[in-house]
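All heavy atoms count here, side chains included; hydrogens, waters and symmetry mates do not.
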Amino acid sequence: MQVEDILWGMVLIGMTVAYGMTLIGVGAAKRHDVTAHKKWMTISCTLVGIWLIAYVTKQLIFGRDRFGGSAEDYWSLYVPLLVVHTGLAIATISLGGTNMTIGLRRLRHGIGAGAMVAGVSRHRLLGHIMQWTFGGTLLTAYFVYAMLFYWFPTG
């Protein structure tokens, strides 16, 4: 097993763990447990930040992984999936940063519970959207991984 394979595995495992922690945080929000919600979301955001640094470092050290399939498979399968994955990842990171800022600002001003009690606030709405974009990012990451290393590996 090569170092790159281990790093890819760590990337996928790290993102899966972060997503799981996000879901635990969402559960805490649904129970109106602001303290637990803040704790789980802070841990999840920290993991995503560490993951992002590790992923960029991996790309800088090893470069992009090569697609081993035909040109037709590359353009009809891999590129569209990678575009969707990248779009979802950008949306997730943007929504996450915005939502984290909104949530921390509300807690600092003593109105954190309002996001969970009073209708659909911006924090709650962005959280719902981000839950789906994060899940989509994770799902497409697994497909990208499978395409690069199992379905169309380089010779």
Counting only pairs under 3.5 Å, give me each side-chain donor-acceptor contact of residues 78-91, with atom names and distances, residues two or more places apart or in other chains.
residue	atom	partner	partner atom	Å
H85	ND1	T137	O	3.2
H85	ND1	T140	OG1	2.8
T86	OG1	L82	O	2.8

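- Looking at heavy atoms from C-beta onward, L148 lies out of side-chain contact with R64 at the 4.5 angstrom threshold.
- Rounded to the nearest 0.5 Å, atoms CE (M130) and CG (N99) are 6.0 Å apart.
- The distance from atom CG of L12 to atom OH of Y145, rounded to the nearest 0.5 Å, is 6.5 Å.
- Note that the CG atom of L52 and the CD1 atom of I93 stand 5.0 Å from one another [nearest 0.5 Å].
- Looking at residues two or more places apart in sequence or on another chain, you find no side chain to side chain donor-acceptor pair (under 3.5 Å) involving Q131.
- With rounding to the nearest 0.5 angstrom, the NE2 atom of H128 is 13.0 Å from the CG atom of L95.
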Could you give the side-chain donor-acceptor pairs of residues 39-48 under 3.5 Å, partners two or more places apart or in another chain?
residue	atom	partner	partner atom	Å
T42	OG1	K38	O	2.7
S44	OG	A18	O	3.0
S44	OG	T22	OG1	2.6
T46	OG1	T42	O	2.8

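- A single hydrophobic cluster is not seen to contain both M21 and L104; linkage of ILVMFWY side chains at heavy-atom distances under 4.5 Å, directly or through other members, places them apart.
- Y150 and L139 fall within a single hydrophobic cluster, where Ile, Leu, Val, Met, Phe, Trp and Tyr are joined by side-chain heavy atoms under 4.5 Å apart, directly or via other members.
- In this view, W151 and F143, A146, M147 satisfy the side chain to side chain contact (heavy atoms under 4.5 Å, CB included) rule, not counting sequence neighbours.
- I24 and I13 fall within the same hydrophobic cluster, where Ile, Leu, Val, Met, Phe, Trp and Tyr residues are linked whenever their side-chain heavy atoms come under 4.5 Å apart, directly or through other members.
- L138 pairs by the side chain to side chain contact (heavy atoms under 4.5 Å, CB included) definition with M15, T16, Y19, Y142, not counting sequence neighbours.
- Scanning for side chain to side chain contact (heavy atoms under 4.5 Å, CB included) contacts around T101 gives R105, with sequence neighbours left out.
- Under the 4.5 Å side-chain heavy-atom criterion for Ile, Leu, Val, Met, Phe, Trp and Tyr, F152 and W75 are members of the same hydrophobic cluster.
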